[in-house]
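To start, the structure under review is shown below, and the notes come after it.
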2 protein chains.
Amino acid sequence: MAVQRRNTRQRALVLEAVRGRCDHPRAEDIYRDVSAADPRVSRGTVYRNLRLLQEQGEIMCIKAPGGDRFDLRCDAHCHVICTACGSVADTSTPYDALMDGAVEDETGFAVSCHTTLFEGVCPSCRALAQGA
Amino acid sequence: MAVQRRNTRQRALVLEAVRGRCDHPRAEDIYRDVSAADPRVSRGTVYRNLRLLQEQGEIMCIKAPGGDRFDLRCDAHCHVICTACGSVADTSTPYDALMDGAVEDETGFAVSCHTTLFEGVCPSCRALAQGA
DNA sequence: ATGCTTGCAAACAGTTTGCATCTAA
DNA sequence: TTAGATGCAAACTGTTTGCAAGCAT
C-alpha cells in the first residue's frame with residue numbers, strides 16, 4: 001500500500017506553481033514562484049514535493065541538460081529544447097511503445113520506457129540570430 | 001577555420017582512455033584511468049579534453065542522469081540505461097531523421113537532432129532482483 | 001499523540017574557471 | 001616566440017540530506 005501522504009500547504013503551493021505555468025519550469029523557477037506566494041517555504045521542501053508529486057503521477061519531469069524540467073502534462077509526448085536559451089516546448093511526436101520491446105529483445109534489459117529529446121533553436125532565438 | 005589544436009600528451013591519454021573502454025564511462029571514470037597512467041594529469045584537463053574531443057567529433061557524449069557518458073562510437077545510435085546500477089548499453093535502434101523535420105514543422109524550432117534514451121533494468125540487476 | 005513534513009544549513013556530485021606556469025609548434 | 005594547454009584550487013550549479021521543530025491526522 002502507498003505511503004500515507006498529508007495535504008500540506010507547501011505541497012499545494014508547489015503543485016499550484018507547476019500548474020500555473022505553461023512553459024516547462026525547472027525546480028528553481030518553481031521555488032521562485034512558491035517563494036512569491038510564501039517566502040518561508042524552503043528550497044528543500046520544493047525539491048521534496050516535486051519528487052513526491054512525480055511519484056504520485058501528478059506531474060512529470062523531463063531530464064534536460066541544465067536541470068530537470070517539470071510538466072503538468074502526464075501523457076506520453078516528447079520535447080524540444082533550445083540550445084541557445086534553454087526554453088522547452090512540447091511536441092506531438094507519438095510515443096512508439098514497440099521500440100521498447102525491440103530494445104528489450106536486443107539488449108536483455110527489462111525496458112520500462114524511453115524518452116526522446118529534440119535539440120534545436122527556438123523561433124525567437126532564430127530571429128535574434130537573423131538580426132545578428 | 002577551426003581553432004589551432006596542439007597534440008598534447010594529456011589529450012592523447014584521454015582519448016586512449018575512452019577508446020580503451022567498451023562500457024560507457026563517465027568523466028570521472030576517464031579521470032581515474034588517466035590518473036593510473038599519469039597521476040599528474042588534473043581533473044580539469046580531463047574535462048577540457050573530453051569537451052574538445054567531442055567538438056572535434058572524435059568521441060560522443062550521452063547525457064544521462066548522474067553524469068554524461070562518453071562513447072567511442074560516433075554513428076547515430078541510441079542507448080539504454082539501467083535504473084538500478086546506472087550501466088549503459090548500445091542499441092541498434094535506427095535514427096529516424098524524418099522526426100526532426102516533423103518537429104521542426106510543428107514547433108518552428110530549427111531542429112538539429114534528437115536523442116533517445118531507454119530506461120530499464122540490466123540483465124545482471126534483473127538476476128539480482130530475482131534472487132532477492 | 002504519532003510520525004509525516006518542514007526549515008535551515010551544510011553536504012554533495014558533477015563540472016567549470018581564473019590564473020600563473022608550461023610547452024608544442 | 002607565442003598562443004594554446006596545463007595544474008591547482010576555488011567557485012558554481014543543481015540537488016540531496018541530517019536534524020530538531022512543526023503540524024496534519
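In the text below, chain A, chain B and the rest are named by the order of the sequence lines, each starting its count at 1.
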(message) Closest-nucleotide mapping onto DNA chain C: is A:R9 or B:T8 further toward the 5' terminus? I mean the 5' end.
(response) A:R9

(request) Ignoring backbone atoms, test whether A:N49 places a side-chain nitrogen or oxygen under 4.0 Å from the OP1 or OP2 oxygen of C:dT6. (result) yes

(message) What is the separation between atom CG on B:L15 and atom C1' on D:dA5, rounded to the nearest whole Å?
(response) 16 Å

(request) Please report, rounded to the nearest Å, how far the C1' atom of D:dG7 is from the OH atom of B:Y31. (result) 10 Å

(request) Output yes when at least one side-chain N/O atom of B:S42 is less than 4.0 Å from OP1 or OP2 of D:dA9, else no. (result) no

(message) Taking the minimum atom-to-atom distance to the side chain of B:R26, which one of C:dG14, C:dT6, C:dA25 wins?
(response) C:dG14

(message) Check the phosphate of D:dT16 against A:Y47, side-chain N and O only, distance under 4.0 Å to OP1 or OP2. Yes or no?
(response) no

(message) Looking at A:R26 and A:D68, is there a salt bridge between them, counting it only when a charged N and a carboxylate O are closer than 4.0 Å?
(response) no

(request) May I ask you to list the residues of residues 51-70 of chain B, by number, that have any heavy atom positioned under 4.0 Å from an atom of DNA chain D? (result) none

(request) Answer yes when B:D38 and B:R9 have at least one side-chain N-carboxylate O distance shorter than 4.0 Å, and no when they do not. (result) yes

(request) Would you indicate, yes or no, if C:dG7 has its OP1 or OP2 atom less than 4.0 angstrom from a side-chain nitrogen or oxygen of A:T45? (result) yes

(message) Side chain of A:R6 only, heavy atoms from C-beta on: which candidate in D:dT2, D:dT15, D:dT25 is closest?
(response) D:dT25

(message) Walk me through whether B:H77 and B:D71 qualify under side chain to side chain donor-acceptor pair (under 3.5 Å).
(response) CA-CA 11 Å; B:H77 66 287; B:D71 194 330; 3.2 Å; yes

(request) Could you check whether B:R40 gets within reach of a base, just the sugar-phosphate, or nothing at all, counting any heavy atom under 4.0 Å? (result) sugar-phosphate

(request) Between A:G44 and B:A27, name the one whose nearest nucleotide on DNA chain C is closer to the 5' end. (result) A:G44

(request) In whole angstrom, give the distance that lies between atom CD1 of B:I30 and atom P of C:dT15. (result) 12 Å

(message) I'd like to know if B:R48 reaches the base of C:dT16 with its side chain, counting only an N/O donor and acceptor under 3.5 Å.
(response) no

(message) Check this for me: does the side-chain of A:R43 come within 3.5 Å of the base of C:dG7 through a donor and an acceptor?
(response) no

(message) Without decimals, in angstroms, what is the distance between A:R5 CZ and C:dG3 P?
(response) 16 Å

(message) Please determine whether a side-chain nitrogen of the Lys or Arg among B:E119 and A:K63 lies less than 4.0 Å from a carboxylate oxygen of the Asp or Glu.
(response) no

(message) Quick check on C:dG7: is either OP1 or OP2 less than 4.0 Å from any side-chain nitrogen or oxygen of A:Q10?
(response) yes

(message) Here's a test for you: under side chain to side chain contact (heavy atoms under 4.5 Å, CB included), which of B:T107, B:D105, B:D100 qualifies with B:V103?
(response) B:T107

(request) Decide, yes or no, whether a salt bridge links B:E58 with B:R19 under the criterion of side-chain N to carboxylate O below 4.0 Å. (result) yes

(message) Restricting to non-hydrogen atoms, name the atom on A:I81 and the atom on B:F109 that form the minimum distance, rounded to 0.1 Å.
(response) C-CE2, 3.9 Å

(request) Say whether B:H114 and B:D96, considering side chains only, have a donor N or O and an acceptor N or O under 3.5 Å apart. (result) no

(request) Provide, to the nearest angstrom, the distance between the CZ atom belonging to B:R11 and the P atom belonging to C:dA25. (result) 10 Å

(message) Distance check needed: D:dC12 C1' versus A:E28 CD, whole Å only.
(response) 13 Å

